[in-house]
K.L.:
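I'd like to ask some things about the structure below.
Proteins come first, then strands; the chains are lettered A, B, ... in the order of their sequence lines, and each starts at number 1.
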4 protein chains.
Amino acid sequence: MAEGRGNHRNSDKRRRILDAAVSVFAEKGFFQARVSDIARLAGVADGTIYLYFKNKDDLLISIFEEKMKEINVKFRDALACEKDALARFRCLIAMHLAGFQAYPELAAVLQVELRQSSRFMREYKKVELKNYLDLVGEVVRDGQQQGVFRQDLPLSLVKRFIFGTLDEVVSTWVLAGRPYDLETLTEPLMDLFVNGLGVPEVKARLAGMNA
Amino acid sequence: MAEGRGNHRNSDKRRRILDAAVSVFAEKGFFQARVSDIARLAGVADGTIYLYFKNKDDLLISIFEEKMKEINVKFRDALACEKDALARFRCLIAMHLAGFQAYPELAAVLQVELRQSSRFMREYKKVELKNYLDLVGEVVRDGQQQGVFRQDLPLSLVKRFIFGTLDEVVSTWVLAGRPYDLETLTEPLMDLFVNGLGVPEVKARLAGMNA
Amino acid sequence: MAEGRGNHRNSDKRRRILDAAVSVFAEKGFFQARVSDIARLAGVADGTIYLYFKNKDDLLISIFEEKMKEINVKFRDALACEKDALARFRCLIAMHLAGFQAYPELAAVLQVELRQSSRFMREYKKVELKNYLDLVGEVVRDGQQQGVFRQDLPLSLVKRFIFGTLDEVVSTWVLAGRPYDLETLTEPLMDLFVNGLGVPEVKARLAGMNA
Amino acid sequence: MAEGRGNHRNSDKRRRILDAAVSVFAEKGFFQARVSDIARLAGVADGTIYLYFKNKDDLLISIFEEKMKEINVKFRDALACEKDALARFRCLIAMHLAGFQAYPELAAVLQVELRQSSRFMREYKKVELKNYLDLVGEVVRDGQQQGVFRQDLPLSLVKRFIFGTLDEVVSTWVLAGRPYDLETLTEPLMDLFVNGLGVPEVKARLAGMNA
DNA sequence: AATGAATGAGAATTCATTCAT
DNA sequence: AATGAATGAATTCTCATTCAT
């Protein structure tokens, strides 16, 4: 009743449905989530969902699309403030961890649910994810150009090296029930990424072999 | 051989059903796969599947259980032949890549489908995956003891660093339609893991900061 | 009104489904009745049934529960009008016969279908049936207290004697295709119940033996 | 030789299957009994049942047919020894109760399971049951001719009066878990059947009304 | 004759989506 | 715009029956 009528009521309702969908997908998984669960949590009727979204798939796609866009924008803004390549790199890692820390349900959906489902979803995912991977790639390339990262590495591999580690770290944290503070992993991860596993002698030996 | 798991004579049929399930789950995903699809591909009647497996979930669990066991055994056997820590590490990476290369559909199921579904599946997954992560952990610890890897790193993090990267690399390869030869990535990944991203000066700088 | 049992508005639909279930169960028996038969007869979609009833079992239970309740209430109301014990007894018999006469399909379900099925159904049946048997018992006890019925008879046996006869008479009538008017049996049954089979001399002889 | 079906090993197997069917039907009910349950209990393979019986229905029919025949024969033999009408009547009741007492599982099947199922089963039941009801009728008619039972009663009603009561008494006893000795009910039932419920004055009054 | 693995028709139930109100 | 009762297509699983061995 006290709700204002007008055009923002629409987008408020849309927002509520989307947030509810994130929660329900996070808890039950996409296929086991019922549209009526989402409706109940959003406080709307089942049918109302179809005024804002084409179908159930569209809900998942919209989550991905809109949240990913928000994240990309936020990340680019944050990175714009940093000029030093190493600082930019740290910033990226810290934001990735902080982001999932702040929205753990979103984390569950993006990490777990989007890993599945129909072909078209997979295709879709690739496109959107590419933006994020490209961002990682840019930061690394900057580092190479500023001379803080090695230049002899295939960028495509480095992107996955970084993204895969972050991804696995977050997945583990989600599946383990989020038992600790994700952001504390920023420095250890920086160390791992930058220095690698090897001790100096071994690195030299390995470098010699590959040369 | 220590074969005979099942109660049923024709364990060829069991094998055929399991293989068909891997294919169908890989192609459609668990929830969109129909039991009758699996039956048709296996060349048996729908009902026959229920002579060998309790239900559809049991199919997925059995794939995971049996394939993961095979993989773990194979890996441990292979690693037993190597004594040098760096060689063992390379062996692990090479086998991970070669394994998925050889069974790409299995890769899809293990990489994509098992990332989802019901809670109990997630629990289940954790247990079995732990074996693999433990194997990775052992190899790294050996490396630390033999003095080829740094000893100041939290093992839990290193495991995810390696596993996450391999995982992401394989996932990308699967989702991209397996366009190249996975095993060619063995050396570049070794290089990345061991040397990290940084150039010497930066590494020194970073090490100084964290000291 | 003290109506609203269900959560659903259209309680006409609930009624139609229940009536259809009575018909179909009566015709085919519980296990051979298909839910879709009931839906078709009720003029609703299969799924609609599940908006009003938990499952197929629940349909049978609901029939029993609701119809039995109605019957018990109706009987108690009718009996409340009669004070003379013999009149009450006749009233009970007449109503039992008239009731099934009026709802022959209900008779078939209550007489035939509820005699079977799962353990829990049997348990259930016992509880509800007890109310009816208790009613019979009360009427007989009144008769004993008013001195119109013998007082040397175990009530538990008398109840079954009366109920069993009525039950068998109705069952036969149902299974024979309802070829005659049930209510015409009221007086002959009264006679049988009250006077028994024996001629006076035999009664005396038997009484002497048991004394 | 006597059987004419072949060697007695066969008919032993047939017997074992039939006995198993009685047990399983008694425990689970016809529709919820699985043929494989019966096979397991009989110690034969599923398929073997179909060498002796046409199908599952045939098992139930055979139980009824053969057991009912045995009972009818046994009853006629026993009744042949008695000449006094009242003694014959007591004998009938006592045997009915003793029979079910001795074979409680058979009681459950005949009392509960045969009350249901398909039309054709009901038809079938009527035919077979008729023999038993006819037997009851004969005994009563003898009593009427010997002047120990009233002659103004419709025989069809008297049969159901007796059968219904016995039936209900046995059903109750079966469903209650057979808590007491059925045969102890012989005399009380005789009393009820012969003397009825009424006290002499009431009987006179009722007789006057109906005259 | 006996077996029991295999069959596949059949049925209950779910739930995304629609549409009359 | 919002509702939510109604829909009915879709899918898993069961089990009586068959038939190759």
K.L.:
Please convert DNA chain E into dot-bracket. A pair counts if it is Watson-Crick or G-U wobble with both distances under 3.5 Å; crossing pairs go in [ ] and bases paired with another strand get |.
P.N.:
.||||||||||||||||||||

K.L.:
Taking atom P of E/dT3 as reference, at what distance in whole Å does atom CD1 of D/Ile17 sit?
P.N.:
9 Å

K.L.:
Nearest 0.5 Å, please: how far is CG in B/Leu106 from CD in B/Glu70?
P.N.:
8.5 Å

K.L.:
Measure across C/Ser36 and C/Asp46 and return the closest heavy-atom pair with its distance rounded to 0.1 Å.
P.N.:
CB-OD2, 3.4 Å

K.L.:
Can you tell me the distance, in whole Å, between the CG atom of A/Asn55 and the P atom of E/dT18?
P.N.:
9 Å

K.L.:
Please give, in whole Å, the distance from E/dT14 P to A/Lys28 NZ?
P.N.:
13 Å

K.L.:
Output all residues satisfying salt bridge (Lys or Arg N to Asp or Glu O under 4.0 Å) with C/Asp37, sequence neighbours left out; order by chain, then residue number.
P.N.:
C/Lys28, C/Arg34, C/Arg40

K.L.:
Atom NZ in D/Lys69, atom CZ in D/Phe64: separation rounded to 0.5 Å?
P.N.:
11.0 Å

K.L.:
So which atom in D/Ile38 and which in D/Ile17 form the shortest heavy-atom distance, rounded to 0.1 Å?
P.N.:
CG2-O, 3.8 Å

K.L.:
What residues in residues 34-42 of chain A put a non-hydrogen atom under 4.0 Å from any atom of DNA chain E?
P.N.:
A/Arg34, A/Val35

K.L.:
Passes side-chain contact (heavy atoms from CB on, under 4.5 Å), D/Phe25 versus D/Leu59? Steps please.
P.N.:
CA-CA 10 Å; D/Phe25 289 159; D/Leu59 273 171; 4.2 Å; yes

K.L.:
Measuring from the side chain of B/Lys13 (C-beta onward, heavy atoms only), which nucleotide among F/dT7, E/dA6, F/dA2 has the closest atom?
P.N.:
E/dA6

K.L.:
Set out, line by line, the N/O atom pairs under 3.5 Å between protein and nucleotides 19-21 of chain F.
P.N.:
none

K.L.:
C/Ala33 or B/Ile49: which one's nearest nucleotide on DNA chain E is closer to the 5' end?
P.N.:
B/Ile49

K.L.:
In whole angstroms, how far is the P atom of E/dC15 from the CD atom of A/Gln32?
P.N.:
9 Å

K.L.:
Sequence neighbours excluded, which residues qualify as side-chain contact (heavy atoms from CB on, under 4.5 Å) partners of A/Ser62?
P.N.:
A/Arg14, A/Leu18, A/Phe53, A/Asp58, A/Glu66

K.L.:
Which whole-number value in Å describes the distance from D/Arg14 CZ to E/dA2 P?
P.N.:
13 Å

K.L.:
If I take atom CG in residue C/Asp46 and atom C1' in nucleotide F/dT11, what distance separates them, rounded to the nearest angstrom?
P.N.:
14 Å

K.L.:
Cation-pi check, D/Lys56 to D/Phe30: give yes when NZ or CZ is under 6.0 Å from the six-membered ring centre and within 45° of the ring axis, no otherwise.
P.N.:
yes

K.L.:
Counting side-chain heavy atoms from C-beta on, which of E/dT17, E/dG8, F/dG4 comes nearest to A/Lys56?
P.N.:
E/dT17

K.L.:
How long is the line joining OH of A/Tyr52 and P of E/dT17, in whole Å?
P.N.:
18 Å

K.L.:
Which value, rounded to the nearest 0.5 Å, describes the distance between A/Arg16 atom CZ and A/Ile49 atom CD1?
P.N.:
11.0 Å

K.L.:
Roughly how many Å is it from CZ in C/Phe31 to C1' in E/dA12, rounded to a whole number?
P.N.:
13 Å

K.L.:
Among E/dA5, E/dT3, F/dA6, find the nucleotide with the atom closest to the side chain of C/Thr48.
P.N.:
F/dA6

K.L.:
With sequence neighbours left out, what residues match A/Glu105 under side-chain hydrogen bond (donor to acceptor under 3.5 Å, both in side chains)?
P.N.:
A/Ser23

